[in-house]
Amino acid sequence: MSAKRPYRYRGPREDAPLLRLILSALAIGFIGLFLVLPVVLVFAEALNSGLAFALDAIDEPDARSAIRLSLIAAAITLPLNIVFGVAASWAIAKFDFPGKSFLTTLIDLPYAISPVVAGMIYLLVFGLQGWFGEYLRDADVQIVFALPGIVLATLFVSFPFVARELIPLMQDQGRTEEEAAISLGASGFQTFLRVTLPNIKWGLMYGVLLCNARAMGEFGAVSVVSGHIRGLTNTMPLHVEVLYNDYQSVGAFAVASLLALLALVTLALKALLEWRYADEIAAAHRH
Amino acid sequence: MNRFALSLFLAAVLAGAAEADSVKLLNVSYDPTRELYRAIDAAFAKDWKAKTGQDVTINQSHGGSGKQARSVIDGLDADVVTLALAYDIDAIAQHAKLLPGNWIKRLPNNSAPYTSTYVFLVRKGNPWKIKDWGDLVKPGVQVITPNPKTSGGARWAYLAAWAYAMHLPGGNAAKAKAFVAELFKHVPVLDTGARGSTLTFVQRGIGDVQLTWENEAHLALKEFGSDKFEIVYPPTSILAEPSVALVDRNVDRHGTRKVAEAYLRFLYSPLGQEIEANNYYRPRDPQLLAAHAKEFPKIGKLYTVDADFGGWQKANAAHFADGGIFDQVYKPGR
Amino acid sequence: MSLVIANIAKEFGRYPALKGVSLTLPTGKFVALLGPSGSGKTTLLRILGGLEIPDAGSARLGDTDLLAMPARLRRTGFVFQNYALFRHMTVADNIAFGLKVRPRANRPPKAEIAARVETLLELVQLDGLGGRYPSQLSGGQRQRVALARALAIEPRMLLLDEPFGALDAKVRKELRGWLRSLQQRLELTTVFVTHDQEEAFALADLVAVMNLGRIEQFGTPDEVRRAPATPFVADFIAS
């Protein structure tokens, strides 16, 4: 095609072919080296002694307990985060109120704060030496070093995922559709159910996927409040560490593979959603 | 699905509530005792079932000794603690008042059913010819040991090195300080715990010699082959007394005092001592120790924290507290 | 039943959008609110639709106190500048929305809703397009869907916010004539907001010229054109 062009210089939006080659090679090389290769190595290490061995490592009481605990934590965290995320983004995107920008900043707090600090916060509040420690002990309620603490820590770190996905989407969509619904006689609840929710469902689904991945994968915050009791308070990521420290490399990488698999499934689902519903997603972004 | 999740949730919540004919204990321990207590717990459960007809489940939590003590202070619901050093249990007694200050007198041998010591793990053939503490500071030798600020075990290593330098001809505090300063210049990586530094030395292949628990060294030999590593016993080292204790306020709340006491006593029983010896902890029973002389060669001189450092409180204040001697001599990144 | 607006005032923060506006709109008339941006015309329209709450003043439609009613009970057929169609619904579902969300007691049966939708689709000349999504329609078609949706609730009046603002000149002219004849046929009191004086004069029975939150002049297009009441009106219609 360039043979037909009468001029020999490049247009302002055309790059030099060599530059393009170098840039893409760099990007692909980086991603391959730092993202793909480690994941492949995790699987390779897990299958080092054969698939049966890896499966045995997963089908073992402590591992099953860890998987169960991670699932429970996610099962409790997700609905709460969905409710919170939708409520917060609704409030932020559709209304003006004092303290709005403060709330928006606050939602990002779990992104900005080290997970260890997040865990410490709960120790400070619910630990035996914390504000409510003695009362909780007298009431025989165990928060930290038990399921509630693990759920709280997970909730904290996965807090922003749904809201962060929805806020820009809702802001972008504005509030005229909701106003239209109200002026047509819909109640607030009908408006939410029939207009707001359908408009954000794809964003919501992304948010939920990412939130789930984070909830099941969180290490730092959960580690602080877990107490590391084997078969009771170890989540999957914590169990990976335990196995690795016990010189059970295959087991550690087998459970790690499960986590990696979860990540891959998350990405695949995301890609599938984007591909399958490309039209609707595009429509939802168009005015 | 919802009901399934709910029942899982309830099951997990109710897991803490003991049934009448079964009882649960939580043993909060330090890093290298995982294998030991896996064996002890199984044997004790069998023993207790035979004696009382009651099923006992022992849950284990492992981590750096100081960190584990901190967790118990913060409310980790331990019935018994089996930590790397008495100081960490003192901390629980002091900060959370969960057990009396004189806990160490309640069980024989300073509440330490087994002892250990610090040894050198070197690569096969001992290429640097490391025989004694002085050899660790040969130019070019890289030493692996965890951080004494976070690891109970590393404090033993540090104190052993200090005691060695103090007892050299003409040794004094200034020379000892210079020696440990030189020693930590040879440490390329300070891990937070004993197990972490074993992985650094053994699996990542970093360093020429690892200062490590005797049991940890034996375990590394067992896991990774005696064709790759060998243990060097220095002429002098330190007597490590990992202590165990009942956490009174927790067992009374759980109603588990009897079984928890029996569990700690079991550590002193012939069967318990045998299991400890098999896991490379030096049993207190002298006959048993003699029977295992091959694994536990005699070390010329074992210093003790009490006799040579005036006890843990003093040792900590002088060496490991913020601004102590360790902080003065160790500069990261050099 | 004329619509009587009296002394309506509204501030946004410290910024006064309306400084006491009074107007009487006779039944069945087509009224334009004409003014530059920032004159308060859209705010007035949104107050009538219940989408903004005024700080002071009243609006009565016959015996009904319009401002006492929440927006959802007012039945003011509001048509938005960008149509605000529900993008996840078909055209037919958009039009049926106002009927479907009624309380069960006075919700028409499904078959009746479907019939009403068909009638409205014919009325706005979109027969056969009920199954399309808004994104598959042209601008003019979308505008007519928005109108049909507003008409479906049998509104007390029609409120149109810059109804032709987003359309190109040719479509705008066509739609204008069509809207005018439709309004005359339905005899529905209609208020529409525009900044285009030519459009206001061509369409409206009455024109209210607004500036800085006040009505400068209210009268027929002829009156306003022949005898501008203030220098601002003279200047604005001359431009």
Side-chain angles (χ1 to χ4, degrees), chain A residues 61-62 64-65 67-79 119-120 122-130 132-134 136-151 223-234 238 241-249 252, chain B residues 1-2 4-17 24-29 31-32 34-35 37-38 41 57-64 67-68 70-78 92 95-98 193-196 198-199 202-203 219-220 222-224 249-250 253-254:
Chain A
D62 283 0
R64 269 183 301 181
S65 138
I67 294 169
R68 194 170 56 226
L69 183 60
S70 285
L71 289 176
I72 292 172
I76 298 173
T77 308
L78 280 186
M120 302 281 278
Y122 289 107
L123 274 191
L124 202 65
V125 177
F126 298 115
L128 186 56
Q129 313 304 314
F132 303 116
E134 290 288 335
L136 290 170
R137 167 140 306 194
D138 292 345
D140 213 10
V141 175
Q142 190 82 23
I143 303 260
V144 286
F145 308 120
L147 180 68
I150 291 169
V151 170
S223 174
V224 176
V225 294
S226 145
H228 305 275
I229 307 171
R230 296 169 168 223
L232 280 183
T233 63
N234 274 335
L238 297 182
E241 190 199 27
V242 164
L243 288 174
Y244 186 70
N245 280 344
D246 280 1
Y247 301 121
Q248 300 182 40
S249 300
Chain B
M1 171 58 210
N2 275 337
F4 175 66
L6 185 68
S7 56
L8 279 180
F9 174 64
L10 287 178
V13 170
L14 295 176
K24 284 190 163 68
L25 287 182
L26 175 57
N27 176 5
V28 172
S29 194
D31 251 334
R34 299 156 197 263
E35 293 77 13
Y37 280 106
R38 194 171 299 142
D41 291 350
T57 311
I58 296 124
N59 291 312
Q60 288 293 143
S61 169
H62 294 276
K67 185 180 140 222
Q68 292 290 80
R70 182 70 234 186
S71 289
V72 173
I73 290 169
D74 281 330
L76 181 57
D77 219 0
I92 300 173
H95 295 290
K97 311 257 182 297
L98 296 178
R195 191 49 67 85
T198 303
L199 290 170
V202 170
Q203 254 178 356
L219 193 67
K222 198 170 104 185
E223 291 285 337
F224 295 94
R249 273 186 60 189
N250 290 352
R253 220 161 32 81
H254 302 156

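Just the heavy atoms: all of them, side chains too, but no hydrogens, waters or symmetry mates, feed the values below. Chain naming here is simple, since letters A, B, ... match the order of the sequence lines and numbering starts at 1 in each. Quantities reported herein were computed from a predicted structural model and do not represent experimental measurements.
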Under 4.5 Å from a heavy atom of chain A, the part of B:Leu26 involved: side chain
pair B:His62-A:Val242: side-chain heavy atoms closer than 4.5 Å: no
Stepwise side-chain contact (heavy atoms from CB on, under 4.5 Å) check, B:Gln203 with A:Ser249: CA-CA 10 Å; B:Gln203 254 178 356; A:Ser249 300; 3.4 Å; yes
Heavy-atom check, side chain of A:Ile229 versus side chain of B:Leu76, under 4.5 Å: yes
Under 4.5 Å from any heavy atom of chain B - which part of A:Gln129: both
Salt bridge B:Asp41-A:Arg230, side-chain N to carboxylate O under 4.0 Å: no
Chain A contacts, top residue of B:Gln68, B:Glu223, B:Arg253, B:Lys67 (heavy-atom pairs, under 4.5 Å): B:Arg253
Test item: A:Leu128 and B:Leu98 side chains (from C-beta on) under 4.5 Å apart, heavy atoms: yes
Side chain proximity check, A:Val144 to B:Asp74, heavy atoms < 4.5 angstrom: no
Minimal non-hydrogen separation, A:Asn245 against B:Arg195, with atom names: O-NH1, 2.5 Å
Basic-acidic side-chain contact under 4.0 Å: B:Lys97, A:Glu134: no
Side-chain (B:Glu35) to main-chain (A:Asp246) donor-acceptor, under 3.5 angstrom: no
